[in-house]
Amino acid sequence: MTKGSGDARMQPLYFLITTAGDNQNSICWEVHQKAKDILEGRKNDTTFYPVIYGAEQDDDWTDPKVWKKANPSLGITVGIDKVRAACESAKQNPAEENSFRQLRLNQWVKQAVRWMPMEKWDKCAFTVDEKELEGRVCYGGLDLSSSTDITAFVLVFPPLDEDDKYAVLPYFWIPEENLELRVRRDHVPYDIWQRQGFLQTTEGNVVHYGYIEKFIERLGERFNIREIAFDRWGAVQMVQNLEGMGFTVVPFGQGFKDMSPPTKELMKLTLERKLAHGGHPVLRWMMDNIYIRTDPAGNIKPDKEKSTERIDGAVATIMALDRAIRCIPDAEESVYNKRGLLIL
């Protein structure tokens, strides 16, 4: 209603001012996420000017420096003694903590938190040379998503030795006719990524699965693709076609049982800098979009419903990594094939 009311004005200007909330299914959350995406470079919208004063999720909520960060007029319009008193009360009464975080520090509470620390991910932007990987054993992950969205295929190459890293080669497709519409609607630079070669388009207004099948077939001529893991949803025909091309295709469940181990391993490899992804911008965007769901046993998995943007490439990476880890002994040639047994 607010947007419609501005149609009668030549240059309508809106101010939206609020503290954080606790409901992700709200217009407030959507606007807040858009503001963060623009500030952090994931989106671009020159008509939207975001300013956020708030504490980060890992900040110490009892630190007066954090209070100042979230309240730039602290000591002027709001007395620090008032904030200190509220903090002390929250310390004594845990039920008040969320209220203090939300109203005093502008933190969203009772929400999923972005999972991947992007500063750690960026430190794994080691060069990945496709030519040097030719002939190497690798494992694929395929996430078709829907026919009008992004389809992702990711190859993961196991390390050759203890000093080597898991190399990641991602590929993405989007319908050509939807490209400009999605750029305007989502404020995501799909067009720039496409020109830079990080994203491919297929003819028409839906993803052309036949084109992708041929592309994967050509990849199979360059790399030793041992297995391709796939999400069962909507992939029946493509799976049959890939099997007809000679690929070993493995169904991969999207529940906690199957997703938790490789998801945790992805984080471990990232923190240890044992991953090389070449700084691929589309994959980086998707990794930054991941929200994690946790069950009572501590198992985790990416949550597509709570992730506000696409995470198909991240899911494909996790599936491929799982197969690479499980089958890594197959990727290593036995030393006995080269020199035989040593007798002492």
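Everything quoted here is computed from the prediction, not taken from an experiment. The basis for the numbers below is simple: all heavy atoms, side chains too, and nothing from hydrogens, waters or symmetry mates.
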Keeping [X] on the side-chain end and [Y] on the backbone end, is there a donor-acceptor pair under 3.5 Å?
| X | Y | result |
| --- | --- | --- |
| N205 | E177 | no |
| Q254 | F252 | yes |
| R222 | L133 | no |
| S89 | A85 | no |
| K165 | R273 | yes |
| N106 | Y53 | yes |

Of the non-hydrogen atoms in [X] and [Y], which two are nearest, and what is the gap between them?
| X | Y | result |
| --- | --- | --- |
| G141 | A320 | N-CB, 3.5 Å |
| D129 | K131 | OD1-N, 2.9 Å |
| R42 | P189 | O-CD, 4.2 Å |
| A324 | Y139 | CA-CD1, 3.5 Å |
| P117 | M267 | CD-CE, 3.5 Å |
| I300 | K264 | CD1-CG, 3.6 Å |

Salt bridge or not between [X] and [Y]? Use side-chain N to carboxylate O under 4.0 Å.
| X | Y | value |
| --- | --- | --- |
| D60 | K65 | no |
| K91 | E88 | yes |
| D191 | R184 | no |

Check step by step if side-chain contact (heavy atoms from CB on, under 4.5 Å) holds for T317 and H277.
CA-CA 10 Å; T317 301; H277 52 68; over 6 Å; no

Full working for side-chain contact (heavy atoms from CB on, under 4.5 Å) between I290 and T263
CA-CA 11 Å; I290 292 182; T263 303; over 6 Å; no

Inset, instruction - Check the pair W173, F215 against ring pair (Phe, Tyr, Trp, His ring centres under 6.0 Å), reporting the backbone distance first and the verdict last. - result: CA-CA 11 Å; W173 296 270; F215 187 92; 5.3 Å; yes

Roughly how far apart are [X] [atom1] and [Y] [atom2], rounded to 0.5 Å?
| X | Y | atom1 | atom2 | value |
| --- | --- | --- | --- | --- |
| C87 | K82 | SG | NZ | 15.5 Å |
| D143 | D312 | CG | CG | 4.5 Å |
| I318 | M287 | CD1 | CE | 6.0 Å |
| R293 | S260 | CZ | OG | 13.5 Å |

Check the pair C327 / E227 against side-chain contact (heavy atoms from CB on, under 4.5 Å), numbers first and verdict last. CA-CA 9 Å; C327 306; E227 293 181 355; 3.9 Å; yes

Check residues 196-204 and write down every donor-acceptor pair under 3.5 Å in which the side-chain atom is one partner and the other belongs to a residue at least two apart or another chain.
residue	atom	partner	partner atom	Å
Q200	OE1	Y211	OH	3.3
T202	OG1	H208	N	3.1

Less than 4.5 Å apart, any side-chain heavy atom of [X] and any of [Y]?
| X | Y | value |
| --- | --- | --- |
| W121 | L283 | yes |
| F223 | E134 | yes |
| R310 | V188 | no |
| V156 | R323 | no |
| F48 | V31 | yes |
| L242 | L142 | yes |
| Q194 | I174 | no |
| I228 | F153 | yes |

Out of curiosity, does [Y] fall in the hydrophobic cluster containing [X] (side-chain heavy atoms, cut-off under 4.5 Å, transitive links)?
| X | Y | result |
| --- | --- | --- |
| L271 | V168 | yes |
| F126 | L275 | no |
| Y49 | Y14 | no |
| M245 | L219 | yes |
| V250 | F230 | no |

For this session: Report the relative orientation of the aromatic rings in W29 and H32; use parallel for angles under 30°, tilted for 30 to 60°, perpendicular for over 60°.
Result: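 The arrangement is tilted - the two ring planes meet at 30° to 60°.
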
Take the angle between the ring planes of W67 and F100 and call it parallel below 30°, perpendicular above 60°, tilted in between.
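Correct class here is perpendicular.
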
With side-chain contact (heavy atoms from CB on, under 4.5 Å) as the test, would you mind laying out the steps for Y166 and I325 before giving the verdict? CA-CA 10 Å; Y166 283 86; I325 293 170; 3.9 Å; yes

> Is there any side chain to side chain donor-acceptor pair (under 3.5 Å) pair reaching into residues 241-251, and which pairs are they, with sequence neighbours excluded?
Replying inline: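 Pairs touching residues 241-251 that pass the test: E213-N241, Q237-N241.
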
* Using the salt bridge (Lys or Arg N to Asp or Glu O under 4.0 Å) rule, take D149 and R182 through it: C-alpha gap first, then chi angles, then the decisive distance, then the call. => CA-CA 10 Å; D149 280 317; R182 290 176 64 99; 2.9 Å; yes

